[in-house]
*Asks:* 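Here's a structure for you.
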Amino acid sequence: VIATASTQFLGAERVGAMIGRAGLPATFHTLLRYMEEDFRRWPEFDKSARTAAHSRDGVIELMPVADDSLYAFKYVNGHPRNHRVGLSTVMAFGVLADVATGMPQLLSELTLTTALRTAVASVMAARVLARPDSRTMALIGNGAQSEFQALAFHHLLGIETLHLYDIDPAATRKLEGHLHARGVKTLRFASAADAVRGVDIVTTVTADKTNATILTPAMVEPGMHINGVGGDCPGKTELHADVLRSARVFVEYAPQTRVEGDIQQLPADFPVTELWQVLAGHAAGRVSPEEVTVFDSVGFALEDYSALRFLRDLAVEQGVDERISLIPALDDPKDLFRLVACAQPLVRAAA
Ligand SMILES: NC(=O)c1ccc[n+]([C@@H]2O[C@H](COP(=O)([O-])OP(=O)(O)OC[C@H]3O[C@@H](n4cnc5c(N)ncnc54)[C@H](O)[C@@H]3O)[C@@H](O)[C@H]2O)c1
């Protein structure tokens, strides 16, 4: 068997068009199925906490994961002040590769895809942690991730009304515009405390490189589910430590979340449950209507593995097949030098 040396390429506009064509509800639905499948076979994966390169204004992270047949990695940054220079806070791309040969099968944009998979991971947690009768959600932080969080909860969990708050009113107006265009009801509030009053679910998805206290114990009501998305880096948290102490806390991969999540504020033996254990039936999710549950989301490599697998299959379904020569195609794999020997100079030296 001769392996093919070409790699499928999916750029940002291409993925946007593919998702537009598939429709967001169907995309959320299918991606949730892929992710739940992968989380249920958690022990089969070779896992590690991501490698992070920190600087004054942000972080660049590398997130690998593999099973016996596929290897995936994501490159992703987090720079909360990037909007000042016209760039996104979070930007990403990634690769899906064949374990048997190491050949990269797919190189894809993952900025849009990260927003999709983060929202789907939030819903995957909320399905086992939020009260089943949940209909309202507060959304604190109305930036790039927020529409995806709102719409995934609307389509997959039956959330009818979103309570919105952001320190930047323009971000809230942008979010309102997108949600109203899709028939989703919103209410705007002047503070996070006002926005969370009486809701079933609270999603915090703010960006600030600081130990913020978006949610304090006084704002938490019995039975609430808290989906903490923005606290995902050392020195970058959203929940007051007492909110965590008085709740049952669920995480993706404990060794990573203890460093990066809101629980970085608590001792290393603070009890948490890994979400896969609930999904695989080894641990209980919500056990009573009154308890407060927290999903301390930081983003784990397996979610990107699921998303890359989903994009690969969606491309096949839609007949998308753009290929690049990321790896040289060689008649004789031992003759790499031929690439140089046969290359024509692009620019002739001036006579
Ligand atoms: N857990 C995960 O898997 C995951 C994935 C993607 C992004 N994130 C994190 O989610 C956060 C949001 O990402 P984004 O791409 O939407 O960023 P963004 O910069 O586009 O939006 C963040 C919004 O938060 C608002 N904000 C900042 N401080 C606030 C405060 N105190 N109260 C209310 N609003 C506040 C900002 O005004 C901005 O509109 C980032 O911190 C990012 O690192 C986590």
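Just follow the structure's listing: the first ligand is 1, and inside any ligand the first atom is 1. The basis for the numbers below is simple: all heavy atoms, side chains too, and nothing from hydrogens, waters or symmetry mates.
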*Asks:* Would you please say whether a donor-acceptor pair under 3.5 Å links the side chains of Asn142 and Glu147?
*Replies:* no
*Asks:* At what distance is the nearest protein heavy atom to atom 42 (C) of ligand 1, and which residue and atom is it?
*Replies:* Asp232 OD2, 3.6 Å
*Asks:* Before signing off on this row, confirm whether Gly299 and ligand 1 have an N or O atom pair separated by under 3.5 Å.
*Replies:* yes
*Asks:* Go through it in stages, so that I can follow the logic: the residues are Leu116 and Leu24, the test is side chain to side chain contact (heavy atoms under 4.5 Å, CB included), and I'd like the CA-CA distance, side-chain angles, deciding distance and then a yes or no.
*Replies:* CA-CA 9 Å; Leu116 293 167; Leu24 270 181; 3.7 Å; yes
*Asks:* Is there a heavy atom in Lys236 that sits closer than 4.0 Å to ligand 1?
*Replies:* yes
*Asks:* Which residue holds the protein heavy atom closest to atom 28 (N) of ligand 1, what is that atom called, and what is the gap in Å?
*Replies:* Ile167 CD1, 3.5 Å
*Asks:* Under a 4.0 angstrom heavy-atom cut-off, which atoms of ligand 1 come close to Ala171?
*Replies:* 39 (O)
*Asks:* Decide whether Leu70 and Phe73 are clustered together by the hydrophobic rule: side chain heavy atoms of Ile, Leu, Val, Met, Phe, Trp, Tyr closer than 4.5 Å, transitively.
*Replies:* no
*Asks:* May I ask you to decide whether Glu160 forms a salt bridge with Lys185, counting only side-chain N to carboxylate O separations under 4.0 Å?
*Replies:* no
*Asks:* Identify the protein heavy atom lying closest to atom 20 (O) of ligand 1, giving its residue, its atom name and the separation to 0.1 Å.
*Replies:* Ala144 N, 2.9 Å
*Asks:* Is it the case that the side chains of Thr293 and Arg286 hold a donor-acceptor pair, with the cut-off being a distance below 3.5 Å and no angle test?
*Replies:* yes
*Asks:* Look at the side-chain heavy atoms of Ile, Leu, Val, Met, Phe, Trp and Tyr, link any pair under 4.5 Å apart, and say whether Met124 and Phe295 land in one connected group.
*Replies:* yes
*Asks:* Looking only at protein heavy atoms, which one is nearest to atom 5 (C) of ligand 1, and what is the separation?
*Replies:* Thr118 OG1, 3.2 Å
*Asks:* Going by the atom numbers of ligand 1, which of them fall below 4.0 Å from some non-hydrogen atom of Gly230?
*Replies:* 9 (C), 10 (O), 11 (C), 41 (O)
*Asks:* Looking only at protein heavy atoms, which one is nearest to atom 15 (O) of ligand 1, and what is the separation?
*Replies:* Gln145 NE2, 2.9 Å
*Asks:* If you count the atoms of ligand 1 from 1 in the order shown, which ones are under 4.0 Å from a heavy atom of Val298?
*Replies:* 1 (N), 2 (C), 3 (O)
*Asks:* Look at the rings of Phe300 and Trp42 and say which category their plane angle falls in: under 30° parallel, 30 to 60° tilted, over 60° perpendicular.
*Replies:* tilted
*Asks:* Which protein heavy atom lies closest to atom 12 (C) of ligand 1, and at what distance to 0.1 Å?
*Replies:* Val205 O, 3.4 Å
*Asks:* To which protein heavy atom is atom 11 (C) of ligand 1 closest, and what is the distance rounded to 0.1 Å?
*Replies:* Thr206 O, 3.2 Å
*Asks:* In Å and rounded to the nearest 0.5 Å, what is the CZ to CG distance from Arg41 to Asp67?
*Replies:* 4.5 Å
*Asks:* Looking only at distances, please establish whether an N/O atom of ligand 1 is found under 3.5 Å from an N/O atom of Thr89.
*Replies:* yes
*Asks:* Just going by heavy-atom distances, which of Asn82, Asp168, Asp166 is nearest to atom 36 (C) of ligand 1?
*Replies:* Asp166
*Asks:* May I ask which of Ser297, Gly143, Ala207 has a heavy atom nearer to atom 24 (O) of ligand 1 than the others do?
*Replies:* Ala207
*Asks:* Polar-atom distance check: Pro80 versus ligand 1, any N or O pair below 3.5 Å?
*Replies:* no
*Asks:* Tell me the contacting part of Arg117 for ligand 1: side chain, backbone, both, or neither, using a 4.0 Å heavy-atom threshold, strictly below.
*Replies:* side chain
*Asks:* Just need the protein heavy atom nearest to atom 30 (C) of ligand 1, so name the residue and atom and give the distance.
*Replies:* Ile214 CD1, 3.7 Å
*Asks:* Is there a side-chain contact between Arg135 and Thr161 (heavy atoms, below 4.5 Å)?
*Replies:* no
*Asks:* Say whether Leu302 and Leu311 are linked into one hydrophobic cluster, either directly or through other cluster members, by side-chain heavy-atom distances under 4.5 angstrom.
*Replies:* yes
*Asks:* Does atom CZ of Arg182 have more than 12 heavy-atom neighbours from other groups under 6.0 Å away?
*Replies:* no
